[in-house]
Amino acid sequence: MKNKEYLVGMTLEELKTAASRVSLPGYAATQLAEWLYGKKVTTIDGMTNIAASKRAMLSEYYETGITPPAGSVRSADGTVKYLFAAGDGNRFVETVYIPSKDRSTLCVSSQVGCKMNCLFCMTGKQGFSAQLTANGILNQIQAIPENDGLTNIVFMGMGEPLDNADELFKALEILTAPYGYAWSPKRITVSTVGIMPGLKRFLEESRCHLAISLHSPYHEERLSLMPVEKTYHIDGIIDLLHQYDFSHQRRVSFEYIMFEGVNDTERHAKDLAKLLKGIDCRVNLIRFHAIPGVELKSSSEWKMTSFRDQLNACGIISTVRTSRGEDIFAACGMLSTAKNHKK
């Protein structure tokens with residue numbers, strides 16, 4: 001028998017098609033959405049205001065598509081890393097739950113592995129295996145035990161979100177639509193290395209926050225760290241951002257991992273401030289987390305604080321991000337499921 005389709009990850013229009021397939025009236029799509037995204041049922045049998053005969057027919061073709069994590073590990077600082085099977089069961093993605101005093105953030109993956117091959121990232125070293133569907137993205141959010149207490153979602157896990165644009169935008173629609181989870185776009189941040197076609201689409205279609213992986217104000221230096229710079233030059237990304245207003249609800253930030261003796265000098269801070277001048281933004285300075293086979297070292301705490309102060313003095317709001325989950329390889333740049341894939 002043909003594999004069943006997943007209902008979670010369907011837009012309202014797609015749910016109308018599913019309802020029509022089993023001769024349910026058009027308004028049943030709204031009922032399905034309420035069960036799936038409002039009440040978060042995990043089985044079709046749980047949709048009790050739909051006739052039992054229709055539920056049976058739905059179950060012939062569909063299932064909710066909500067599957068529990070395949071495993072988890074907890075950090076000493078309270079961070080939890082979840083492992084999810086993706087697709088055929090031989091592929092996996094990691095998702096990181098980060099609780100803090102005033103918020104509970106989930107770091108979500110968008111791909112199995114990544115094509116970008118950034119020098120400092122374990123996911124890039126893993127290579128690319130598959131795109132996640134909207135179901136695979138949303139399941140990471142709905143299937144964790146902490147789901148109801150989440151306050152923020154960041155697409156900063158495995159993969160480059162804008163390299164999987166169609167499924168990303170479908171997931172963002174369901175997350176923010178009244179028929180879906182009805183999240184405020186202000187609680188969602190999408191991070192990208194700067195894939196220009198997807199970035200243009202994101203700026204036009206989404207009101208979610210944006211984070212750009214920057215890491216150097218200089219073309220050649222950024223290229224040595226991030227091969228994507230060869231195709232999508234940082235100057236072009238900055239020129240595009242100048243065309244949009246980030247002074248109201250939507251926010252843009254720049255992620256800047258600091259490497260000792262590479263990108264952490266006063267000259268870097270000065271030229272970074274020049275590069276970002278005129279954009280209402282903030283810079284998040286991130287400690288480099290050592291990964292196997294990479295000789296880069298993190299800048300010292302003193303150097304990061306000095307760099308932050310120099311940016312702030314130039315009018316660029318800057319903060320040093322606290323590292324979380326490093327002891328379980330859940331910190332920035334450390335996610336990888338290559339080991340699980342081999343198993």
Side-chain angles (χ1 to χ4, degrees), residues 95-96 98 100 103 105-111 114 116 118 120-121 123-124 137 141 150-165 168-169 171-172 175-176 183-217 222 225-226 228-229 232 234 236-238 240-258 263 272 275-276 279-289 304 308 311 316-324 330-335:
T95 309
V96 182
I98 311 166
S100 61
R103 63 176 58 194
T105 302
L106 190 68
C107 182
V108 176
S109 295
S110 55
Q111 296 178 314
C114 186
M116 300 301 110
C118 295
F120 46 83
C121 180
T123 309
I137 293 171
I141 301 167
L150 292 176
T151 62
N152 296 82
I153 294 171
V154 294
F155 284 81
M156 297 181 181
M158 297 175 63
E160 162 54 49
L162 295 183
D163 188 45
N164 187 16
L168 169 72
F169 282 100
L172 291 178
L175 280 167
T176 58
W183 276 58
S184 167
K186 293 187 294 182
R187 297 168 60 194
I188 302 170
T189 300
V190 175
S191 176
T192 178
V193 298
I195 306 293
M196 287 292 278
L199 180 56
K200 291 177 181 177
R201 182 177 170 187
F202 178 84
L203 290 168
E204 290 296 327
E205 295 183 20
S206 176
R207 303 308 301 171
C208 296
H209 294 323
L210 172 67
I212 302 289
S213 294
L214 181 56
H215 314 309
S216 175
R222 188 172 189 258
L225 297 168
M226 306 172 68
V228 71
E229 174 72 9
Y232 301 117
I234 187 58
I237 295 169
I238 296 299
L240 177 64
L241 295 178
H242 273 293
Q243 300 173 30
Y244 294 84
D245 182 6
F246 296 98
S247 62
H248 299 293
Q249 289 193 343
R250 181 165 56 179
R251 184 176 68 236
V252 61
S253 59
F254 292 88
E255 311 296 300
Y256 196 95
I257 298 176
M258 296 192 63
N263 65 348
L272 179 59
L275 180 69
L276 303 182
I279 300 176
D280 196 325
C281 66
R282 69 172 57 235
V283 175
N284 294 316
L285 303 177
I286 304 168
R287 181 166 62 86
F288 172 61
H289 304 102
M304 294 181 72
R308 177 201 66 191
L311 286 177
I316 303 295
I317 298 173
S318 177
T319 58
V320 176
R321 183 186 291 171
T322 302
S323 292
R324 298 288 302 273
C332 181
M334 302 185 80
L335 299 186

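- Taking all atoms of both residues into account, the shortest heavy-atom contact from Glu204 to Tyr244 is OE2-OH, 2.5 Å.
- Looking at heavy atoms from C-beta onward, Leu241 lies in side-chain contact with Phe246 at the 4.5 angstrom threshold.
- Put simply, OG1 on Thr151 and CG on Leu106 are 10.0 Å apart, with the number rounded to the nearest 0.5 Å.
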For this session: Check the pair Thr192, Ile212 against side-chain contact (heavy atoms from CB on, under 4.5 Å), reporting the backbone distance first and the verdict last.
Result: CA-CA 5 Å; Thr192 178; Ile212 302 289; 3.7 Å; yes
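- The shortest heavy-atom contact between Gly198 and Leu162 is C-CD1, 3.7 Å.
- Of all heavy-atom pairs between Ile237 and Gly194, the closest is CD1-CA, 3.7 Å.
- Atom CD of Gln249 sits in a sparse spot, with 12 or fewer heavy atoms from other residues, nucleotides or ligands closer than 6.0 Å.
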For this session: Take Ser206 and Val190 through the test side-chain contact (heavy atoms from CB on, under 4.5 Å) and record every step on the way to the result.
Result: CA-CA 10 Å; Ser206 176; Val190 175; 5.9 Å; no
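- Note that CZ of Arg321 is 9.0 Å distant from CD1 of Ile257, once rounded to the nearest 0.5 Å.
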For this session: Could you check Ile141 against Leu175 for side-chain contact (heavy atoms from CB on, under 4.5 Å), going step by step and ending with a plain yes or no?
Result: CA-CA 10 Å; Ile141 301 167; Leu175 280 167; 3.9 Å; yes
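- In this pair, Phe120 and His215 present their aromatic rings perpendicular. The plane angle is above 60°, beyond the 30 to 60° band.
- Atom OH of residue Tyr232 and atom CE of residue Met116 lie 8.5 Å apart, to the nearest 0.5 angstrom.
- Between Ser110 and Leu168, the closest side-chain pair of non-hydrogen atoms is not below 4.5 Å.
- In this structure, His289 NE2 and Cys121 SG are separated by 12.0 Å, a value rounded to the nearest 0.5 Å.
- A distance of 5.5 Å separates CG of Leu285 from CE of Met304, quoted to the nearest 0.5 Å.
- No side-chain donor-acceptor contact under 3.5 Å links Arg282 to the backbone of Ile317.
- Between Ile137 and Ala171, the shortest heavy-atom contact is CG2-CB, 3.9 Å.
- Using a 4.5 Å heavy-atom cutoff, the side chains of Asn284 and Thr319 are in contact.
- Side-chain contact between Phe254 and Leu272: absent, with no pair of heavy atoms (C-beta onward) separated by less than 4.5 Å.
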For this session: Given side-chain contact (heavy atoms from CB on, under 4.5 Å), test Gln111 with Glu160 step by step and report yes or no.
Result: CA-CA 7 Å; Gln111 296 178 314; Glu160 162 54 49; 4.1 Å; yes
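- In terms of heavy atoms, Gly159 sits closest to Thr123 at N-CG2, 3.8 Å.
- Taking CG of Leu225 as the start and OG of Ser213 as the end, the distance is 11.5 Å to the nearest 0.5 Å.
- Between Leu210 and Arg250, every side-chain heavy-atom pair lies at or beyond the 4.5 Å cut-off.
- Tyr256 places a side-chain N or O within 3.5 Å of a backbone atom of Asn263 that can act as its donor or acceptor partner.
- The minimum heavy-atom distance between Leu275 and Pro217, with the atom names listed, is CD2-CA, 4.0 Å.
- Here the side chains of Ile279 and His242 are in contact, with some heavy-atom distance below 4.5 Å.
- The side-chain contact (heavy atoms from CB on, under 4.5 Å) with Phe155 is formed by just one residue from the set Ser191, Ser109, Pro161; it is Pro161.
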